[in-house]
Amino acid sequence: MEEIKHSHVEVNGLKLHVAEIGTGPKVLLFLHGFPQIWYTWRYQMIAVAKAGYRAVAYDFRGYGFSEIPAEPEKGGFIDLVEDTISLLDSLSISKAFLVGTDLGSFPAYMIAVLYPERVAGIVSLGVPFKLPGPSDARDLMPEGFYCKRWQEPGRAEADFGRFDVKTVIKNIYILFSKTKPPTAREDQEIMDLVDPSTPLPPWLSEEDLAVYASSYLKSGFRYPLQFLRRTLGIDCGITNPKVEAPTLLIMGEKDYALSFPGNADYIKSDKLKHIVPDLETVFVEEGNHFVHEKLPEEGFSIMVPKLKATFFAPDLDMVFLEEGNHFVHSDRKNLYILYSGTEPTAAEEEQEIMELIDLYISSPPSEEDLAVYVVSE
């Protein structure tokens, strides 16, 4: 299996760190959250490359190994939108399937609204359609709610500054893996909510933590925190939004975001369905805010049908191959054997279609390929 390749691509005057794997004509572009980088998608990138797609992820401006803007106090989510579109242009990608989590879902939705011709579909983990702007849910949360605390200039920087980078990231993963949002007492800071003896979640290794820490040693937390503080509550200027692209929302049933006031009802509401008509929502029983890292196989298996339905739709590029048959991309038992012939399948009057198969015939696909189809169905 090929390895994930890394490069820097100049986008809107900044060199952004880009990770890629796979060479298929269909592209998935992964958008990370906070305090993440491209690495949060490591499992999904390898899986989609094995499935024949091209996977691309990048570190947002000011994150990880991407350059920090000269004026970090300016800008907002629209910069992530324009960075993403410019990156697609630089990589000669006309259309992509966008996969976002946490704050990465915001630019995914915004791109679908502003540049619908560039979006084949969307998968959002943990975030139903929302645009940056004032939030009743945030307003209803107590003073110690982490978003409110982090929107106070300098407060999160001072809180984080008491610890090394690795400890900060470890603490955030521990806190955000719970079923309730991090909320501090008046005499506490958010980092104080974690007992120093608390171990990492079992699905996050010390090696994983080291990768995250090494990236933030370069970028620091200043820009990401300023970005969160400056942009989440500011209206992005989009009115009457509509997402026409096929959209899959994956919610972990243990995601703390479900406890935000009104969020669970909104996910099931006609209002959301009106904005995103082609929406499918799937709840993962043991999933939390990091469902794609905690349960990578389950999350990917949920994505596969949506990818197939979207990418292998009427706009599929038709290619005729000299030795190709009806299943030129893969074959399978019974139906695969029947449809791999050069003549249309036809039974005698006393036969059924399945009786045309010699049960002992060697199937065109491998047993491993066949097993994948059986599991997916």
Side-chain angles (χ1 to χ4, degrees), residues 31-36 40 77 100-106 109 124-153 155-160 162-163 167-196 198-201 203-204 212 221 224-234 249-269 272 281 283-295 299:
L31 305 169
H32 66 77
F34 176 83
Q36 299 158 335
T40 193
F77 274 102
T101 185
D102 193 67
L103 71 84
S105 291
F106 286 91
Y109 287 131
S124 175
L125 281 70
V127 182
F129 178 88
K130 287 186 175 73
L131 292 174
S135 167
D136 291 338
R138 284 197 297 272
D139 292 343
L140 292 172
M141 297 300 281
E143 179 277 331
F145 176 52
Y146 77 97
C147 278
K148 286 189 174 182
R149 287 289 182 88
W150 289 356
Q151 286 186 314
E152 295 180 31
R155 187 157 190 173
E157 289 86 340
D159 186 12
F160 287 17
R162 297 178 295 149
F163 305 92
T167 300
V168 171
I169 295 173
K170 174 185 176 181
N171 287 354
I172 292 175
Y173 262 88
I174 291 170
L175 289 171
F176 284 24
S177 294
K178 297 182 178 182
T179 57
K180 299 295 181 183
T183 305
R185 299 192 309 266
E186 186 176 350
D187 60 343
Q188 282 182 313
E189 298 300 330
I190 297 299
M191 290 292 109
D192 296 330
L193 295 172
V194 181
D195 184 329
T198 304
L200 279 172
W203 41 267
L204 191 73
Y212 282 118
F221 293 105
L225 286 170
Q226 286 188 342
F227 182 88
L228 287 169
R229 177 166 59 243
R230 187 178 62 250
T231 60
L232 274 179
I234 298 176
L249 172 62
I250 300 176
M251 294 295 306
E253 291 189 5
K254 297 184 178 181
D255 190 334
Y256 70 85
L258 281 175
S259 67
F260 287 4
N263 203 28
D265 291 336
Y266 173 62
I267 289 171
K268 301 174 183 178
S269 70
L272 177 58
T281 302
F283 289 88
V284 180
E285 185 176 1
E286 293 300 317
N288 60 14
H289 192 65
F290 303 107
V291 61
H292 59 298
E293 293 190 87
K294 179 183 180 183
L295 302 168

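Just so you know, these numbers use all the heavy atoms, side chains as well, and skip hydrogens, waters and symmetry mates.
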Can you label the angle between the His292 ring and the Phe290 ring as parallel, tilted or perpendicular, going by 30° and 60°? tilted
* Side chains of Pro181 and Met141: does their closest heavy-atom pair fall under 4.5 Å? -> yes
Heavy atoms of Pro201 and Ser177 approach each other most closely as CG-OG, 4.0 Å
Hits for ring-ring contact (aromatic ring centres under 6.0 Å, His included) against Phe77, two or more places apart or cross-chain, chain-then-number order -> Phe106, Phe227
Tightest non-hydrogen contact, residues Val127 and Met251, listed as N-SD, 4.0 Å
The side-chain contact (heavy atoms from CB on, under 4.5 Å) partners of Arg185 (sequence neighbours excluded) come to Asp187, Gln188
Does Asp159 form a side chain to side chain contact (heavy atoms under 4.5 Å, CB included) with Glu152? I'd like the steps, not just the answer. CA-CA 11 Å; Asp159 186 12; Glu152 295 180 31; over 6 Å; no
Take the angle between the ring planes of Tyr256 and His289 and call it parallel below 30°, perpendicular above 60°, tilted in between.
tilted
Exercise for the section: Please test Phe163 against Val194 for side chain to side chain contact (heavy atoms under 4.5 Å, CB included), starting from the C-alpha separation and ending with a verdict. Expected result: CA-CA 12 Å; Phe163 305 92; Val194 181; over 6 Å; no
query: Are the side chains of Lys130 and Asn263 in touch, meaning some heavy atoms are under 4.5 Å apart?
result: yes
Quiz item: Are side-chain heavy atoms of Leu225 and Phe34 found at a separation under 4.5 Å?
Solution: yes
Before you tell me yes or no, could you show the steps for Glu293 and Trp203 under side chain to side chain contact (heavy atoms under 4.5 Å, CB included), namely the whole-Å CA-CA distance, both residues' side-chain angles and the distance that decides it to 0.1 Å? CA-CA 7 Å; Glu293 293 190 87; Trp203 41 267; 3.9 Å; yes
Closest non-hydrogen atoms of Ile267 and Leu272, given as atom of the first, atom of the second and distance, are O-CD2, 3.5 Å
Minimal heavy-atom distance between Val291 and Gly287, with the atoms involved, is CG2-CA, 3.9 Å
Gln36 meets the side chain to side chain donor-acceptor pair (under 3.5 Å) criterion, sequence neighbours left out, with Thr40
Side-chain contact test, heavy atoms from C-beta onward, threshold under 4.5 Å: evaluate it for Glu285 versus Leu295 and give yes or no. no
Margin query: Determine whether Phe145 and Phe260 satisfy the following criterion, ring-ring contact (aromatic ring centres under 6.0 Å, His included), listing intermediate values before the conclusion.
Written below: CA-CA 11 Å; Phe145 176 52; Phe260 287 4; 5.5 Å; yes
Taken to the nearest 0.5 Å, the spacing of Leu31 CG from Leu125 CG works out to 11.5 Å
**Prompt:** With a cut-off of 6.0 Å (strictly less than), are more than 12 heavy atoms of other residues, nucleotides or ligands near CD of Glu143?
**Reply:** yes
One should read off an interatomic distance between Gln151 CD and Tyr146 OH, to the nearest 0.5 angstrom, of 10.0 Å
Please evaluate residues Lys294 and Asp255 with respect to the criterion salt bridge (Lys or Arg N to Asp or Glu O under 4.0 Å), reporting the C-alpha separation (whole Å), side-chain torsions for both, the decisive distance (0.1 Å), and the verdict. CA-CA 12 Å; Lys294 179 183 180 183; Asp255 190 334; over 6 Å; no
Exam field: side chain Thr183 to backbone Gly144, donor-acceptor pair closer than 3.5 Å: no
Looking only at heavy atoms, the pair that brings Ala184 and Arg149 closest together is CB-NH1, 3.6 Å
task: State whether the side chain of Tyr173 and the backbone N or O of Pro35 hold a donor-acceptor pair below 3.5 Å, judged by distance alone.
output: no
Partner of Phe160 under side-chain contact (heavy atoms from CB on, under 4.5 Å), picked from Asn171, Ile190, Ile172, Ile169, is Ile172
Heavy-atom closest pair (Ala156 atom, Trp150 atom, distance to 0.1 Å) is CB-CD1, 3.4 Å
* Validation row: Ile250, Ser124 side chains within 4.5 angstrom (heavy atoms) -> no
